[in-house]
Amino acid sequence: MRPKYYITTPIYYVNAQPHIGTAYTTIAADVMARYKRLCGYETFYLTGTDEHGQKILRAANAEGMNPKEYADRIVSQYYKTWADLNIKYDYFIRTTDPKHQKAVQTLFSKIANNGDIYKGKYSGWYCTPCERYVSVKESSPEGLRGGCPVCQRPTEFLEEENYFFRLSKYRDKMLDYLKKNGDFVEPVSRYNEVFSKIEMGLDDISISRASFDWGIPLPSDQKQIIWVWFDALTNYLSGVGYPEDEGIFKKFWPADVHLIAKDILWFHAVIWPCMLFSAGLEPPLKIFAHGWWTMNADKISKSKGNVIYPADVIDRFGVDSIRYFLLREIPFGQDGDFSLPALLRRHNNELANELGNLIMRCLTMIEKYNGSKVPKSEGIDSSKELWNELFTSLEQKFSAYMECLQFSLALEKVWEAIKMANKYIDDTKPWVLAKEKTGRLSDVLYNLAEIIRLVSVYLMPFMPNTAEIIRQQLGIDDEMISIPSGLSFGQIRPGTKVNKGSALFPKVE
RNA sequence: GGCAGGGUAGCUCAGCCCGGUAGAGCAAGAGAUUCAUAAGCUCUUGGCCGUGGGUUCAAAUCCCACCCCUGCUACCA
């Protein structure tokens, strides 16, 4: 039986169109999903949109629309952007889907039946953008009136009867779970933060709202709707069939990893597992919180007007270049800076010069010196053996880095091979060998064709279009493109006709 | 205020656990070459390793104090 892999992005709140931050998470998950598919895993990649809550209701009203229409409009932008970025998800979930709504109510009832939900009266300062109450612990006197400690925006005083979830009950269980699963939250620094915050104590949280009605009603009390975060988190279950489609659900749950940005760590690393504990379901295996992008070292925000939209850069650089840049530029987990000069450098140096030009020079030489056919390796020199060793070592390192989502390091390893190949050409000087006619030229050209093939396999998850073009240029078929069977050196058949096309990455500017 | 992480070449960082006369990539400069997207290859420049003490034959690396930055968190009121 094939092993499974289930990866998710957060479902994005439809108050804004997709930008570089959401694209980042979505691309990272796509790369991981494509990698796992390549490795033969039965893979499920879930993304989607979060469409309920007061914030959406207000935004819709402000434009004279009903919230569902408003959401539809934004959602279409998500579809388009993800298509433009070549994101291959298995399912796109919307919290307005009837199936999802049912799942939320089912989960809610499970937790209620377990005695973890009670009715209480709550009065306090509420942050609408964050969709949560600011606790007394968190708020300084100025903070109460001054704004939300998380997002700094104004809070409003609310008093209502709500239903509460006994989060406090799960403090010890949660700590225990973390101790037994040291890699549950990554990077480690985030794990430590979560751990110490839980140690300080967990308060019960209000998980229903009565002051507006854009949401999913409680099964037991139609006057209240379920808190958006409870609603949203449940997508990870409903997206794989919970509760009705047991076959799919049992196959894929628990999720192997929830990819998130660091700002929503608490909801995912604490509230979500505790909800699942209460419902008698397994928690996800890993929460990976990545960092934030700045723009020219400046914090990105709507008010500053420096938000970057994927379309802005795709037109100029191409999808694969953007995908590459985002994952290569910074170690996954850390913050990073997005800037045009940085993007230009990566694109022109690494993609155009080192990779694109490598392929171009190899194909040209095969064309010129061997009638566009991959020659038969003559075994005159020992470099084939050396390349074999190099790629064996690359295979190990690459997969190790991919397993721990260290995309930048995985790419760095692939680039070591690319640089070696460029150097190999300069060292062996095929243009000289072509005059000598010793047969050594065949060895070199064969090795180069094979190197390019292997590189394209490794790049496939990151740059699917590029990998596909390389495959066509080399004239090879799909069977040589898989992991691990396609990774051994020496598979490309002599006589294969190459098709030199145009430059893979035209230089920008 | 507490806890955690960090301050090393112009920039981004590795080295610090297991002390022994500073490393990589990018940027900058030079050279040989021509298969190639004026690409690639080779070489060079560049650092009192946050500050002040201490331990040691020897400290970026260990110890103490202080300064600055980042994250989590608390509070004086």
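Every chain is numbered from 1, with letters handed out A, B, ... down the list of sequences. Quick caveat: nothing in here was measured; it's all calculated off a predicted structure.
B:A58 makes up no base pair with any nucleotide shown, lacking Watson-Crick or G-U wobble contacts both under 3.5 Å. The partner of B:U12 is B:A24, judged by Watson-Crick or G-U wobble contacts that both fall below 3.5 Å. With a cut-off of 3.5 Å on both Watson-Crick or G-U wobble distances, the partner of B:G40 is given as none. Remark: B:A32 base-pairs with no nucleotide; criterion is Watson-Crick or G-U wobble with both hydrogen-bond distances under 3.5 Å. Nucleotide B:G1: paired with B:U73 (Watson-Crick or G-U wobble, both distances less than 3.5 Å). Under the Watson-Crick or G-U wobble criterion, with both distances below 3.5 Å, B:U51 is paired with B:A65.
Rounded to a whole Å, the CE atom of A:M420 is 17 Å from the P atom of B:G40. Here B:A4 presents its P atom at 20 Å from CD of A:Q334, a figure rounded to the nearest Å. Atom CH2 of A:W292 and atom C1' of B:G71 are 11 Å apart (whole Å). If you take CD of A:E350 and C1' of B:U37, they are 16 Å apart, rounded to a whole angstrom. If you measure from atom CG of A:N192 to atom C1' of B:U70, you get 15 Å, rounded to the nearest angstrom. Separating the CZ atom of A:R346 from the P atom of B:A27 is a distance of 10 Å, rounded to the nearest angstrom. In this structure, CG of A:N348 is placed 20 Å from P of B:A36, rounded to the nearest angstrom. Taking atom CG of residue A:D337 and atom C1' of nucleotide B:U70, one finds them 15 Å apart after rounding to whole Å.
Looking at which nucleotide of RNA chain B each of A:K262 and A:P506 is closest to, the 5′-most match is held by A:P506. The residue among A:G356 and A:V194 whose nearest nucleotide of RNA chain B is located toward the 5' end is A:G356.
Across B:C72, B:C26, B:G40, the shortest atom-to-atom separation from the side chain of A:N422 is found for B:G40. Side chain of A:N357, nearest nucleotide from B:C13, B:G40, B:G25: B:G40. Side chain of A:K423, nearest nucleotide from B:U42, B:G40, B:G71: B:U42.
Listed by chain and residue number, nothing satisfies the salt bridge (charged side-chain N to carboxylate O under 4.0 Å, His left out) test with A:R209 (two or more places apart in sequence, or in another chain). With sequence neighbours excluded, the residues that form a side-chain hydrogen bond (donor to acceptor under 3.5 Å, both in side chains) with A:H52 are A:D231.
Nucleotides B:A24 and B:A14 are separated by 7 Å at their C1' atoms, to the nearest Å. Here, B:U55 and B:C64 have their P atoms 15 Å apart, quoted to the whole Å. Spacing of P atoms, B:A4 relative to B:C63, comes out at 14 Å, to the nearest Å. The separation of B:C68 from B:U8, taken at their C1' atoms, amounts to 16 Å, rounded to a whole angstrom. The separation of B:C48 from B:C11, taken at their P atoms, amounts to 13 Å, rounded to a whole angstrom. Taking atom C1' in both B:A28 and B:C67, the straight-line distance is 33 Å, to the nearest Å. Taking atom C1' on both nucleotides, B:G15 is separated from B:G71 by 24 Å, rounded to a whole Å.
Screening A:F332, A:Y191, A:F407 against A:F288 for a ring-ring contact (aromatic ring centres under 6.0 Å, His included) leaves a single residue, A:F332.
When heavy atoms are screened at a 4.0 angstrom cut-off, A:L504 is found touching base atoms of the nucleic acid. A:N349 comes within 4.0 angstrom of sugar-phosphate atoms only, judged by non-hydrogen atoms across all strands, and of no base. Note on A:N353: only backbone sugar-phosphate atoms sit closer than 4.0 angstrom, heavy atoms only; bases stay farther off. Using a 4.0 Å heavy-atom cutoff across all strands shown, A:K507 reaches at least one base atom of the nucleic acid.
Aromatic ring pairs are classed by plane angle as parallel below 30°, tilted from 30° to 60° and perpendicular above 60°; the pair A:W229 and A:H268 is perpendicular.
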- Stepwise, does the side chain to side chain contact (heavy atoms under 4.5 Å, CB included) test hold for A:S206 with A:F164? CA-CA 4 Å; A:S206 161; A:F164 285 75; 3.8 Å; yes

- Message: Applying ring-ring contact (aromatic ring centres under 6.0 Å, His included) to A:F165 and A:F230, what does each step give before you reach the verdict?
- Response: CA-CA 10 Å; A:F165 170 56; A:F230 187 103; 7.4 Å; no

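Distances shorter than 4.0 Å separate none of the side-chain N or O atoms of A:K197 from OP1 or OP2 on B:C72.
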Would you tabulate the nitrogen or oxygen pairs shorter than 3.5 Å linking the protein to nucleotides 29-35 of chain B?
unit_1	atom_1	unit_2	atom_2	d
B:C35	O3'	A:K368	NZ	3.4
B:C35	O2	A:R361	NE	3.0
B:C35	N3	A:R361	NE	3.3
B:C35	N3	A:R361	NH2	2.6
B:C35	N4	A:R361	NH2	3.1

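Under 4.0 Å is where a charged nitrogen must lie from a carboxylate oxygen, and between A:R345 and A:E350 no such pair does.
Checked by atom type, the side-chain pair A:Y12/A:T26 shows a donor-acceptor distance below 3.5 Å.
For NZ of A:K376, the number of neighbouring non-hydrogen atoms (other residues, nucleotides, ligands) closer than 6.0 Å is 12 at most.
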